[in-house]
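Before any comments, here is the structure.
Chain letters run A, B, ... following the sequence lines, proteins first, then strands; residues in each count from 1.
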2 protein chains.
Amino acid sequence: MIEKLTMKTNTEHCDARETLEKTSLYKTPQRIAVLDTLISSSVPLSVNDILKKICTQQKINKVTVYRILTSFKGKGIVREIETARGISYYEISCHHNPVHAHFSCRHCGMLVCLDPLTVSQTWEWFTRPRNFTIDHITITMTGTCHQCEGTLNCNSTADVVNNT
Amino acid sequence: MIEKLTMKTNTEHCDARETLEKTSLYKTPQRIAVLDTLISSSVPLSVNDILKKICTQQKINKVTVYRILTSFKGKGIVREIETARGISYYEISCHHNPVHAHFSCRHCGMLVCLDPLTVSQTWEWFTRPRNFTIDHITITMTGTCHQCEGTLNCNSTADVVNNT
DNA sequence: AAGTATTTGCAATTAAGTTGCATTCATGAT
DNA sequence: ATCATGAATGCAACTTAATTGCAAATACTT
């Protein structure tokens, strides 16, 4: 109950098996479990969250979850939210759940979905008093740089350059 | 040479000893070295970057750098940029270097500073063809949630909630 | 110069995420 | 229905960013 803005994912409309069929991914029990977990969740989940939810019903390995999420990302089934604490969270990517920003508590790691906002809503949102304190905004665009697009083997250089 | 937009930090105007004095932080050789390194850098640096640059001149421990950066963050001397790979980068926070977005290559980790943009510039920027491929935009606001503000000892719960 | 609170260094630890390889399994052809 | 095969999984070990506790060293105050 942190904000009045509402953000319903409505992912109940999505079907795990159907999605795997469409994206030509093998329908393994593990993939179905991970996808079902994400579909039925109203909030983004970390790998540990997913493991905890699934392990009560079936056996699944941490590495498998990582690999499943990687394949889901590749197919555009899920979005990854990288938080300030270096832990990734995952949410279903469908037309019922458009891209939006998140608030993450740097103390307990709690992650809050924020509504997609128009410009006027954004102003209203930022100026409204609320009961959490934002002290940092991270906007990072991730992708492939020119050099890596060409060579695709600069995996460990970690150079930093300016765009001047 | 990735973008035509220019983004000069101009932090040469800043003085390490003066900054430490102003913020009432002990002027230790380690703090001066870390601050000098950040002031003279035109790009954000990781802890490893900072270590590599300093260790040629003086002995300094990794943990010390982490703690120095934490104290600098607390005083508002530096900003932390959390990247998609879970590695934090640090840049001087002064009026010559206003808040801006970053592009980070998910393959080599390269970090690019993007200009602070107006709304019209943003449109122009996003629609312009460029030589890196953005496949993901992370916008995360970090801070302290209501619960942690009250108790300040929920450090390991990592709950996730929605803002509905 | 002495006392004190702060800072540093070291060693050990935590935890997210990755890699290699052997085993198991889903799928499509027979 | 069975089989062959490429794909997915599980396990163990590893990598690495970041943190913690504590003793030793150091910067500031008087």
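Here dC25(C) presents its C1' atom at 15 Å from CG of Leu25(A), a figure rounded to the nearest Å. In this structure, the CZ atom of Arg17(B) is 15 Å from the C1' atom of dC28(D), given to the nearest Å. A straight line from CG of Leu20(B) to P of dC28(D) spans 9 Å, rounded to a whole angstrom. Between Glu80(A) atom CD and dA16(C) atom P there is a gap of 14 Å when expressed in whole angstrom units. Put simply, CD1 on Ile68(B) is 13 Å from C1' on dA27(D), counting in whole angstrom units. For Gln58(B) and dT8(C), the CD to P distance is 10 Å, given to the nearest whole Å. Between the P atom of dA16(C) and the CG atom of Leu45(A) lies a distance of 14 Å, rounded to the nearest Å. At whole-Å resolution of the value, CD1 in Ile87(B) and C1' in dG17(C) are 12 Å apart.
Here the closest non-hydrogen pair linking Leu111(B) and Ser104(B) is CD1-CB, 3.6 Å. Heavy-atom minimum distance, Arg79(B) versus Ile92(B): NH2-O, 3.7 Å.
Counting atom types as modelled, Arg67(A) pairs no side-chain N or O with a base atom of dG17(C) as donor and acceptor under 3.5 Å. The base of dG17(C) sits with one of its N or O atoms less than 3.5 Å from a complementary donor or acceptor on the side chain of Lys62(A).
Proximity of Thr28(B) to the phosphate of dT8(C): a side-chain N or O atom is located under 4.0 Å from OP1 or OP2. Under 4.0 angstrom from either OP1 or OP2 of dA17(D) there lies at least one side-chain N or O belonging to Asn48(B).
Side-chain proximity of Tyr66(A) to the nucleotides dG17(C), dA17(D), dA8(D) is greatest for dG17(C). Which of dG9(C), dA27(D), dT19(D) sits closest to the side chain of Asn61(B) comes down to dG9(C).
Residue Ser88(A) is in sugar-phosphate contact alone, with no base atom involved, counting any heavy-atom pair closer than 4.0 Å across all strands shown.
Each of Val63(B) and Gln30(B) lies near DNA chain D, and the nucleotide nearest Val63(B) is the one positioned closer to the 5' end. Heavy-atom nearest nucleotides on DNA chain C were determined for Arg31(B) and for Lys59(B), and the one closer to the 5' end corresponds to Arg31(B).
When side chains are defined from C-beta on, Tyr90(B) does not count as touching Val34(B), because their heavy atoms never get closer than 4.5 Å.
Checked against Ser88(B) for a side chain to side chain donor-acceptor pair (under 3.5 Å), the options Glu80(B), Lys73(B), Glu82(B) give a single hit: Glu80(B).
For Arg17(A) and Glu21(A), the salt-bridge test fails: no basic side-chain N is under 4.0 Å from an acidic carboxylate O.
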